[in-house]
Amino acid sequence: MTRPTPLTPAPLTLGPLALGPLALGIVGFGKIARDQHVPAIAATGLFRLAAVVSPHGAPPEETGLGDVPVFRSQGEMLAALPGLDAVAICTPPAVRHALTVEALRAGKHVLIEKPPAATLTELRLLLDAAEGAGRTLFAAWHSRFNTAVEETRRRLAGATVRNVAITWKEDVRRWHPGQDWIFAAGGFGVFDPGINALSILTEILPGPVVVRDAELRVPANRDTPIAATLRMEGVAGSAVGTVSAAFDFLQGGEQTWTIAIETEGGRLDLTHGGTRLNVDGVPVLAEPDAEYQGIYRRFHHLIADSAGDVDARPLQLVADACLVGRWRTTDAFHW
């Protein structure tokens, strides 16, 4: 799905793949792991959930995973299960770098939830670690794994894009209830969901964009933005015009995840997080969310092909917005 970028590693040299599903451990057993990773692993049948790491600990019967063992640290899991083939890192971004390096050095293939690292330097070092270990590293931008996103990319190939308007607004209390890490330094704030829109944007556009300015609104008692607006534009000579983005973490009622694209040939609207596509107001695709099944199929395919897939572009846009943006203090946020 993702075409090579300067931060995509060359194919890796691996040993022969074992027959049958690959044994996988989930590191970080929060909402996204429970709601998305576990069902996708079961649905695809390409991996066998062999263990879970939960720092707070939980007896197996409380996880709903039957007799799947629960460990308090990744190191404990790796020591107890040397035959593990892969791990999925589902922790907050601030701790992903150390955990990913530890897993790679232990000879495991690694899938990282988005965003793949807290900084671009960390991501660069992870690529080096994966290449040195000869193991697959997969940075999983889950919103790209929708048929409507791929269809939009296909339709925009060779097109002239006049403007794009991203509206990505959701309720943090609904999706991250009580999770203070998301508003701590390194937690990304509203860019945690907003980067999903940027991952779609960088996948579908026929050329690159740069951030020209941004406004980031940070609650008086928090470290990361609760709302943001970005103005981007295509580079000189490209077929991409202007791009605006509005991110908000306080959206009540219906959640809004849309990307409206105006081209010389008409309008395309990606809605519902990239699962639906309208062309000139006419529905073209509307499929149920199966992003995480696509992620695990991709991960298995990469391992089989001795390859890696790490696209830094969405993270680069967030970093650029933080570098050029104006920081504004807004009302304190309380759960």
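In this chain, residues are counted from 1 in sequence order.
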Contact check, side chains of R276 and T271, non-hydrogen atoms, under 4.5 Å: yes
Specify the closest pair of heavy atoms between A197 and I166, including all atoms of both residues, with the distance to one decimal. CB-CG2, 3.7 Å
Which heavy atom in A312 sits nearest to a heavy atom in L123, and how many Å separate them? CB-CD2, 3.7 Å
Between N196 and R144, is the side-chain contact (heavy atoms from CB on, under 4.5 Å) condition met? List the steps. CA-CA 8 Å; N196 292 331; R144 290 177 171 177; over 6 Å; no
Test side-chain contact (heavy atoms from CB on, under 4.5 Å) on E113 and I32; report intermediate values, then the result. CA-CA 9 Å; E113 255 292 348; I32 198 71; 3.6 Å; yes
Do W175 and Q255 have side-chain N/O donor and acceptor atoms under 3.5 Å apart? yes
Might you work through the salt bridge (Lys or Arg N to Asp or Glu O under 4.0 Å) test for R298 and D309, ending with a clear yes or no? CA-CA 9 Å; R298 175 67 168 160; D309 183 352; 2.9 Å; yes
For L268 and L156: C-alpha separation, side-chain torsions, deciding distance, then whether side-chain contact (heavy atoms from CB on, under 4.5 Å) applies. CA-CA 9 Å; L268 294 82; L156 292 181; 4.3 Å; yes
Between N163 (side chain) and V243 (backbone), is there a donor-acceptor pair under 3.5 Å? no
Working to the nearest 0.5 Å, report the span between CZ of R124 and OG1 of T121. 10.5 Å
The reported gap from CG in N146 to CD1 in I200 (rounded to nearest 0.5 angstrom) is 7.0 Å
So, the side chain of T202 versus the backbone of R313: is there a donor-acceptor pair under 3.5 Å, distance only? no
Within-4.5 Å side-chain heavy-atom neighbours: V52 and P69: no
Indicate the atoms forming the closest heavy-atom contact of V149 with I204, along with that distance. O-CG2, 3.6 Å
Do the side chain of W141 and the main chain of D311 share a donor and acceptor less than 3.5 angstrom apart? yes
Determine the sole option in T167, L198, I195, I226 for which the side-chain contact (heavy atoms from CB on, under 4.5 Å) test with F247 is passed. L198
With a 4.5 Å cut-off on side-chain heavy atoms, are R72 and P55 touching? no
Separation between CD1 (I261) and CZ (R155), nearest 0.5 Å, reads 11.0 Å
Taking every heavy atom of K108 against every heavy atom of A86, the minimum-distance pair comes out as CB-CA, 4.3 Å
Taking the inter-plane angle between the rings of W257 and W168 on a 0 to 90° scale, is it parallel (under 30°), tilted (30 to 60°) or perpendicular (over 60°)? tilted
How far does CZ of R48 sit from CG of L24, to the nearest 0.5 angstrom? 9.5 Å
Is the shortest side-chain heavy-atom distance between L22 and L84 below 4.5 Å? no
When clusters are formed by joining ILVMFWY residues with side-chain heavy atoms under 4.5 Å apart, either directly or through shared neighbours, do L125 and L104 land in the same one? no
Tightest non-hydrogen contact, residues L315 and P115, listed as CD1-CB, 4.5 Å
T256 versus Q251, side-chain donor and acceptor atoms under 3.5 Å: yes
Pairwise distance CG(L270) to OG1(T152) - rounded to 0.5 angstrom: 3.5 Å
Close side-chain approach of I259 and D269, heavy atoms under 4.5 Å: no
Under the criterion salt bridge (Lys or Arg N to Asp or Glu O under 4.0 Å), I'd like the reasoning laid out for R231 against D213: C-alpha separation, chi angles, the key distance, then a yes or no. CA-CA 5 Å; R231 183 179 67 84; D213 58 60; 2.8 Å; yes
Under 4.5 Å between any side-chain heavy atoms of L137 and T100, yes or no? yes
Can you list the steps and then say if H109 with F299 is a ring pair (Phe, Tyr, Trp, His ring centres under 6.0 Å)? CA-CA 9 Å; H109 309 293; F299 190 32; 7.1 Å; no
Measuring only between side-chain heavy atoms, which start at C-beta, is F29 closer than 4.5 Å to V70? no
Using every non-hydrogen atom in the two residues, find where A33 and I26 come nearest and quote the distance to one decimal. CB-CG2, 3.9 Å
Nearest 0.5 Å, please: how far is CG in L111 from SG in C90? 7.0 Å
Would you tabulate the side-chain donor-acceptor contacts of residues 319-335 under 3.5 Å, counting partners in other chains and residues two or more places apart, or write 'none'?
from	atom 1	to	atom 2	distance (Å)
W327	NE1	C322	O	3.4
W335	NE1	D180	OD1	2.6

Check H301, H300, Q293 against R297 for a side-chain hydrogen bond (donor to acceptor under 3.5 Å, both in side chains) and give me the one that passes. Q293
Is V210 reachable from L216 through a run of I, L, V, M, F, W or Y residues, each pair having side-chain heavy atoms under 4.5 Å apart? no
Flag if over 12 foreign heavy atoms under 6.0 Å of CZ, R173: yes
Set of residues satisfying side chain to side chain donor-acceptor pair (under 3.5 Å) with respect to R154, sequence neighbours excluded: E151
Side chain to side chain donor-acceptor pair (under 3.5 Å) partners of R162, counting only residues at least two apart: none
Determine whether a donor-acceptor pair (N or O, by modelled atom type, separation under 3.5 Å) exists between the side chain of R96 and the backbone of T91. yes
Can you find a side-chain donor-acceptor pair between E233 and T242 that sits under 3.5 Å? no
Presence of salt bridge, D192 and K114, under 4.0 angstrom: yes
Check the pair Y292 / F145 against ring pair (Phe, Tyr, Trp, His ring centres under 6.0 Å), numbers first and verdict last. CA-CA 8 Å; Y292 280 82; F145 286 82; 8.9 Å; no
Short side-chain to backbone donor-acceptor contact, E122 and A118, under 3.5 Å: yes
Before you tell me yes or no, could you show the steps for L126 and V110 under side-chain contact (heavy atoms from CB on, under 4.5 Å), namely the whole-Å CA-CA distance, both residues' side-chain angles and the distance that decides it to 0.1 Å? CA-CA 10 Å; L126 288 182; V110 182; over 6 Å; no
Say whether H142 and E291, considering side chains only, have a donor N or O and an acceptor N or O under 3.5 Å apart. yes
Main chain of E254, side chain of K169: is a donor-acceptor contact present, judged purely on distance under 3.5 Å? no
Is there side-chain contact between L250 and E170, with at least one heavy-atom pair below 4.5 Å? no
Can you check whether G107's main-chain N or O pairs, donor with acceptor, with R135's side chain at less than 3.5 Å? yes
